[in-house]
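Residue numbering restarts at 1 for every chain, and letters A, B, ... go by the order of the sequence lines.
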Amino acid sequence: MLEFQSLVLKFVSAVPRGKVTTYKELARTLGRPRAYRAVGNALSKNPRPLEIPCHRVVRSDGKIGGYKFGSERKAKLLIEEGIEVKGGKLELKKYMFRFKK
DNA sequence: GCTCTGGCAAATG
DNA sequence: ACATTTGCCAGAG
């Protein structure tokens, strides 16, 4: 459904600079706690890569995860936003942003 | 309608 | 901490 995707994009763009969220949390916020894969799928098909900060969505274990334009690019962007990325990972506890709930 | 593939997660070894 | 296995959702063909 396109609803799901739209929602994903919407929430991701709501993530403030310097913060990140996980695929899982995002999925849960959308009402589909186990649709984390679908979330990644939706982001990969992101219609506006420039307007949507897909790089602010990371894995639950703290790893950067993948990215349309390469994980290196993603890590770089995150660092530029003030997020420390060490060894391809980051401090999730510190930068995790939760929507409502 | 079924199979395959993903920017994944959690459990297991 | 790392690798493998299993589960799960949505889109594409």
Considering non-hydrogen atoms only, spot the tightest contact between T21(A) and L26(A) and give its length. OG1-N, 4.4 Å

Flag, side chain of S71(A) to backbone of Y67(A), donor-acceptor distance under 3.5 Å: no

Roughly how many Å apart are dG7(C) and dG7(B), using the P atom of each and rounding to a whole number? 22 Å

Considering non-hydrogen atoms only, spot the tightest contact between G82(A) and Y95(A) and give its length. O-OH, 3.7 Å

Hey, are E81(A) and K19(A) close enough for a salt bridge, meaning a charged N less than 4.0 Å from a carboxylate O? no

Find the distance between CZ (R56(A)) and CG (L43(A)) and round it off to the nearest 0.5 Å. 12.5 Å

So does G65(A) get a backbone contact from the side chain of R59(A), meaning a donor-acceptor N/O pair under 3.5 Å? no

Hey, are K74(A) and E72(A) close enough for a salt bridge, meaning a charged N less than 4.0 Å from a carboxylate O? no

Verify side chain to side chain contact (heavy atoms under 4.5 Å, CB included) between V58(A) and L78(A), making sure each step is shown before the conclusion. CA-CA 10 Å; V58(A) 298; L78(A) 290 172; 4.3 Å; yes

Looking at R34(A), does any N or O in its side chain come under 4.0 Å of the phosphate oxygens OP1/OP2 on dG7(C)? no

Contact list (N/O, under 3.5 angstrom) for nucleotides 3-8 of chain B vs protein:
residue : atom : partner : partner atom : Å
dG6(B)  : N7   : R37(A)  : NH2          : 3.2
dG6(B)  : O6   : R37(A)  : NH2          : 3.3
dG6(B)  : N2   : N41(A)  : ND2          : 3.4
dG7(B)  : O6   : L43(A)  : O            : 2.6
dG7(B)  : N2   : Y23(A)  : OH           : 3.3
dG7(B)  : N2   : C54(A)  : O            : 2.6
dG7(B)  : N3   : Y23(A)  : OH           : 3.0
dC8(B)  : N3   : R37(A)  : NE           : 3.4
dC8(B)  : N4   : R37(A)  : NH1          : 3.3
dC8(B)  : N4   : R37(A)  : NH2          : 3.0

Please report, rounded to the nearest Å, how far the P atom of dC9(C) is from the CG atom of L26(A). 16 Å

Stem ranges for DNA chain C, with three or more consecutive Watson-Crick or G-U pairs under 3.5 Å? B:2-6 with C:9-13, B:8-13 with C:2-7

